[in-house]
Amino acid sequence: MRLNIVEYPDKRLKEKSIEVKSFDANLHELLDAMNIMMLESNGIGLAAIQVDYAIRALILNIPDEDGAQPIENLMEIINPVVLKTDGKTVYQEGCLSVPKFYEDVERFETISIKYQNRFGEEKTLDADGLLSIAIQHEMDHLNGILFIDKLSYSRRKKFEKEYKKLQKEKKKGGN
Ligand code: QAP
Ligand code: CO
């Protein structure tokens, strides 16, 4: 199974992903391939829609203090539902689907969710810090929302400008 990252401004990123109903080998194969893709791309989180599977599944692996992302720290979150949020925090976010752009986004400081693991077992999770932010960022993907959609008018304009500049550089034959 080979996956590709869907990048802005692809319309597929605006789709609302659908609930996962079968926790079978196909799902496990997708989750395994997503983990490889995420690590190869130096990501810390990835939603299935970002690899063109419009299902409510996401993975996270928050780097430890040495910047390592061991498989034990991988989280696979299926059909997440928010139970509780508290506080506000701002963090400079990025996204594999919006390469090379980073901007401050406001999120809840803490979040509690329920979700299912790859076997369909119900779990709950209380998160703070970067994990809380990452969960909110990835859950937005399930509803077709990108972090750039949450920017103020002026910061969104800054994004549009930088995006156009990057496109021009690409045409000229840079990256
Ligand atoms: C979402 O983002 C996130 O532009 C995960 O050139 C971001 O993994 C959660 C990446 C911030 C919490 C805080 C972005 C890699 C990776 C790029 C990512 C790039 C290469 C983004
Ligand atoms: Co993202």
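As the structure lists them, so they are numbered: ligands from 1, and atoms in each ligand from 1. Atom set for the values below is all heavy atoms of this structure, side chains included, hydrogens, waters and symmetry mates excluded.
Under 2.8 Å from the Co ion (ligand 2), one finds the following protein N/O/S atoms: C95 SG, H137 NE2, H141 NE2.
E93 CA, 3.7 Å is the protein heavy atom nearest to atom 11 (C) of ligand 1. For atom 16 (C) of ligand 1, the nearest non-hydrogen atom of the protein is L96 CD2, 3.6 Å. Atom 19 (C) of ligand 1 has as its closest protein heavy atom Y102 OH, 3.4 Å. Remark: minimum distance from atom 7 (C) of ligand 1 to any protein heavy atom is reached at G94 O, 3.3 Å. Protein heavy atom at the shortest distance from atom 4 (O) of ligand 1 is K100 N, 2.7 Å. Annotation: atom 5 (C) of ligand 1 to nearest protein heavy atom, E138 OE2, 3.5 Å. Considering only non-hydrogen protein atoms, atom 18 (C) of ligand 1 sits nearest to I44 N, 4.0 Å.
A salt bridge does not link E19 to R56: none of the charged side-chain nitrogens sits closer than 4.0 Å to a carboxylate oxygen. Note on K164 versus E160: no salt bridge recorded, every NZ/NE/NH1/NH2 to OD/OE distance being 4.0 Å or above. Electrostatic pairing of R156 and D149 counts as a salt bridge here, judged by a charged N lying under 4.0 Å from a carboxylate O.
Heavy-atom proximity to G45, at under 4.0 Å, picks out these atoms of ligand 1: 5 (C), 8 (O). The P99 neighbourhood of ligand 1 comprises atoms 4 (O), with distances under 4.0 Å to a heavy atom of that residue. Listed by atom number, the atoms of ligand 1 under 4.0 Å from L130 heavy atoms are 12 (C), 13 (C). For ligand 1 and Y91, the ligand atoms under 4.0 Å from any heavy atom of the residue are 13 (C). Close approach of ligand 1 to A134 (heavy-atom distance below 4.0 Å) involves ligand atoms 9 (C), 12 (C).
For the atom pair Q69 CD and N61 CG, the distance stands at 4.5 Å (nearest 0.5 Å). Taking CD of E93 as the start and SG of C95 as the end, the distance is 9.0 Å to the nearest 0.5 Å. Rounding to the nearest 0.5 Å gives a distance of 8.5 Å between NE2 of H141 and CZ of F147. Here the CD1 atom belonging to I78 is positioned 11.5 Å from the CD atom belonging to E122, to the nearest 0.5 angstrom.
I44 has its side chain within reach of P63: a pair of non-hydrogen atoms, C-beta onward, lies under 4.5 Å apart. Taking the side chain as every heavy atom from C-beta outward, F108 and T89 never approach each other to under 4.5 Å.
Contacts of L46 with ligand 1, taken as heavy-atom pairs under 4.0 Å, are absent altogether. The proximity of F147 to ligand 1, defined as any non-hydrogen pair under 4.0 Å, does not occur for either the backbone or the side chain.
For ligand 1, none of its N or O atoms has an N or O atom of S41 under 3.5 Å away. For ligand 1, the polar-atom distance check finds no N/O of H137 at less than 3.5 Å from any of the ligand's N/O atoms. For a threshold of 3.5 Å applied to N or O pairs, the pair formed by G43 and ligand 1 contains no separation below that value.
Checking D126 against S112 by side-chain atom types alone, a donor-acceptor pair falls below 3.5 Å. Side-chain atoms of E7 and S97 include no donor-acceptor pair closer than 3.5 Å.
Taking the six-membered ring for Trp and the full ring otherwise, Y8 and F159 have centroids separated by under 6.0 Å.
In terms of modelled atom types and a separation under 3.5 Å, the side chain of S132 and the main chain of E109 share a donor-acceptor contact.
Of all heavy-atom pairs spanning K150 and D140, the tightest one is NZ-OD2, 3.2 Å.
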